[in-house]
Number of protein chains: 2
Amino acid sequence: MPYDPSAFAPFAVTVDLVVLTVRRHALCALAVRRGEPPFQGRWALPGGFVRPDEDLSQGAARELLEETGLCAHDPDAPAQVNGAHLEQLATYGDPKRDPRMRVVSVAHLALAPDLPAPRAGGDANSARWAPVEDLLHQSGYGRDGEQAAPLAFDHARILADGVERARSKIEYSSLATAFCPPEFTVGELRRVYEAVWGVALDPRNFHRKVTGTPGFLVPTGGTTTRQGGRPAQLFRAGGATLLNPPMLRPEV
Amino acid sequence: MPYDPSAFAPFAVTVDLVVLTVRRHALCALAVRRGEPPFQGRWALPGGFVRPDEDLSQGAARELLEETGLCAHDPDAPAQVNGAHLEQLATYGDPKRDPRMRVVSVAHLALAPDLPAPRAGGDANSARWAPVEDLLHQSGYGRDGEQAAPLAFDHARILADGVERARSKIEYSSLATAFCPPEFTVGELRRVYEAVWGVALDPRNFHRKVTGTPGFLVPTGGTTTRQGGRPAQLFRAGGATLLNPPMLRPEV
DNA sequence: GATCATAGTCGTCTGCCTGACGATAAACAC
DNA sequence: GTGTTTATCGTCAGGCAGACGACTATGATC
């Protein structure tokens, strides 16, 4: 990297967040409504400028805290504090992606359990959880009759990349537990997989697989009937992060 | 992403390249010697500033061409032109990673077949292929008696991340063929896996696996004896990019 | 209280894939 | 020819996943 001042050009650097959760059996992402041009009034991913003295992961954690109240531990390593997992996703730097100036955005992926309604500087109307299906296919209208416009900037692409990352990563890692509360049942974990992948899984084979993978789940001893039916054992996430052999995503 | 001028700060944005190849049964990376401070005389990854009018992937492809002569097709999608695969790896933005100023580096990973000695602006002494083992563990001396100093900046970390990406990605994708010439034998492909993973694989089981995976390899009809022994069939990479089920990396 | 619906948990069976490894084939070196 | 090297085919046993039957324990309903 030779330092050639004639080749140097200043860029603005931002972090954008793909914050995913599972609500009502659907994979949802956090979206905020833009208050100023460009794309005023359109939905976008939360994000902001990186500050001069903070690392990219620090900036992402700060934005996550500001937008959701979630606290992410050192986001450089996989983190699980206050339920939030945060990792770098990819970087987007098309010269025309922001009409105002040259902006390079380092997107991050955050996974969180189901949360209360988001806050965005106190303005409840400017942030919401939306099913990723609705955000990505802007055909038709949302549940509340509101027309679904495409996300601002290249955020649809970023969201799609984040969703794909989450879908593939729960195959071979224990990351699906990041969508669950600290204690959860096998059935709740299965519903996470079903929501993220959009498929139905056999409860018996799923139970055999996750309870048979060493280090994936540790029983807490408690039980719950919050899902109805027979009481289910409660588990916490074990120390294992990589699943070997992986969970198999059904074909088609 | 509200535009708050008080929060905006200019950054320098660079691309750094982890260019990997397999030479003499070892996974090697391209390293260039730095001509100016900081880290003058130390080895570093090739890279340079992103130009104001080019995308990140374009910048990475340009640097790759300048440093190796390799031409990478649209690097946004997985590419295979002139033998080079190029993809974005990760972005590194620690405020102190470059003592001169705030530099955010978007690292890219390139995989190439064995190439002639690298050129670096005609200065043959300032670029070389080095085994990643030597570059990452700076214990002792290199093959030519030269003391191995750590890579400049945070490039050891970047290189380690790139190597880990390559090691895991050849498990579930056909990416290992990017290390091979256009036509190759099953044995040559196996030696790629062995070099990248640093393990020995059973030739019979490997042969069964790769020839039995639909779309992985397509026979060209030719044979070769360039590896000695019985003539081996020649193959080209098939259309499949994802291997399902994946190649299994042996434990330990 | 009996019945039903719901959800959880344990087993069984079959087929596929992998690892271990024997055996054969086709080139080259001497 | 003999030995060496590499490629390729086959066999066999163990493990794991998909399909699915059976049983259990709760709340809801009649």
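To find a chain, count down the sequence lines: A is the first, B the second, and so on, and within it residues start at 1.
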Margin query: Taking side chain to side chain donor-acceptor pair (under 3.5 Å) as the definition, give me every residue that meets it alongside B:Arg249, ordered by chain and number, with sequence neighbours left out.
Written below: B:Glu171

Next item on the list: Could you tell me which residues satisfy salt bridge (Lys or Arg N to Asp or Glu O under 4.0 Å) with A:Arg191, sequence neighbours excluded, listed by chain and number?
Entry: none

Item checked: Side-chain heavy-atom pair A:Leu45, A:Val32 within 4.5 angstrom cut-off -> no

Check: Between the axis at one end of the helix from C:dG1-D:dC30 to C:dC30-D:dG1 and the axis at the other (five pairs apiece), what's the angle to 10 degrees?
Finding: 10°

Item checked: B/S/- contact track for nucleotides 21-30 of chain C, protein heavy atom under 4.0 Å -> BBB-BBS---

Check: First and last nucleotide of DNA chain D touching chain B, 5' to 3', heavy-atom cut-off 4.0 Å?
Finding: D:dT5 to D:dT11

Note to self: Any non-hydrogen side-chain atom of B:Thr225 less than 4.5 Å from a side-chain atom of B:Thr223?
What the structure shows: no

Check: Does any non-hydrogen side-chain atom of A:Leu189 lie less than 4.5 Å from one of A:Leu217?
Finding: yes

Next item on the list: Round to a whole Å and report the spacing from CZ of B:Phe206 to C1' of C:dA20.
Entry: 17 Å

Check: Do the numbers put A:Arg128 on top of the ring of A:Trp43, so that NZ or CZ is under 6.0 Å from the six-membered ring centre and no more than 45° off the axis?
Finding: yes

Checklist line | Atom-to-atom span, CG of A:Asn244 to C1' of C:dT18 - whole angstrom | finding: 13 Å

Item checked: Close side-chain approach of A:Leu201 and A:Val199, heavy atoms under 4.5 Å -> yes

Item checked: Sorted by number, the residues of residues 188-195 of chain B with heavy-atom contact under 4.0 Å to DNA chain D -> B:Arg190, B:Arg191

Checklist line | Between C:dC17 (P) and B:Leu248 (CG): distance, integer Å | finding: 12 Å

Note to self: C:dG8, OP1 or OP2 - any side-chain N/O from A:His207 closer than 4.0 Å?
What the structure shows: no

Item checked: All side chain to side chain donor-acceptor pair (under 3.5 Å) counterparts of B:Glu188, not counting sequence neighbours -> B:Arg226, B:Gln227

Check: Partners of B:Arg204 by salt bridge (Lys or Arg N to Asp or Glu O under 4.0 Å), sequence neighbours excluded?
Finding: B:Asp202

Note to self: Taking the nucleotide of DNA chain D with the nearest heavy atom to each, does B:Val186 or B:Arg208 sit closer to the 5' end?
What the structure shows: B:Val186

Next item on the list: Just jot down the salt bridge (Lys or Arg N to Asp or Glu O under 4.0 Å) partners of B:Glu183, sequence neighbours excluded, or say none.
Entry: none

Next item on the list: Give every residue pair that meets the ring pair (Phe, Tyr, Trp, His ring centres under 6.0 Å) criterion with at least one member in residues 193-226 of chain A, sequence neighbours excluded.
Entry: A:Tyr193-A:Trp197, A:Tyr193-A:Phe206

Checklist line | Atom pair distance, as rounded to whole Å: CG in A:Leu234 and C1' in C:dG8 | finding: 13 Å

Note to self: Restricting to side chain to side chain donor-acceptor pair (under 3.5 Å), what partner residues turn up for A:Lys169, sequence neighbours left out?
What the structure shows: A:Glu87

Check: Does B:Ala232 have any side chain to side chain contact (heavy atoms under 4.5 Å, CB included) partners at least two apart in sequence or in another chain, and if so, which?
Finding: B:Thr185

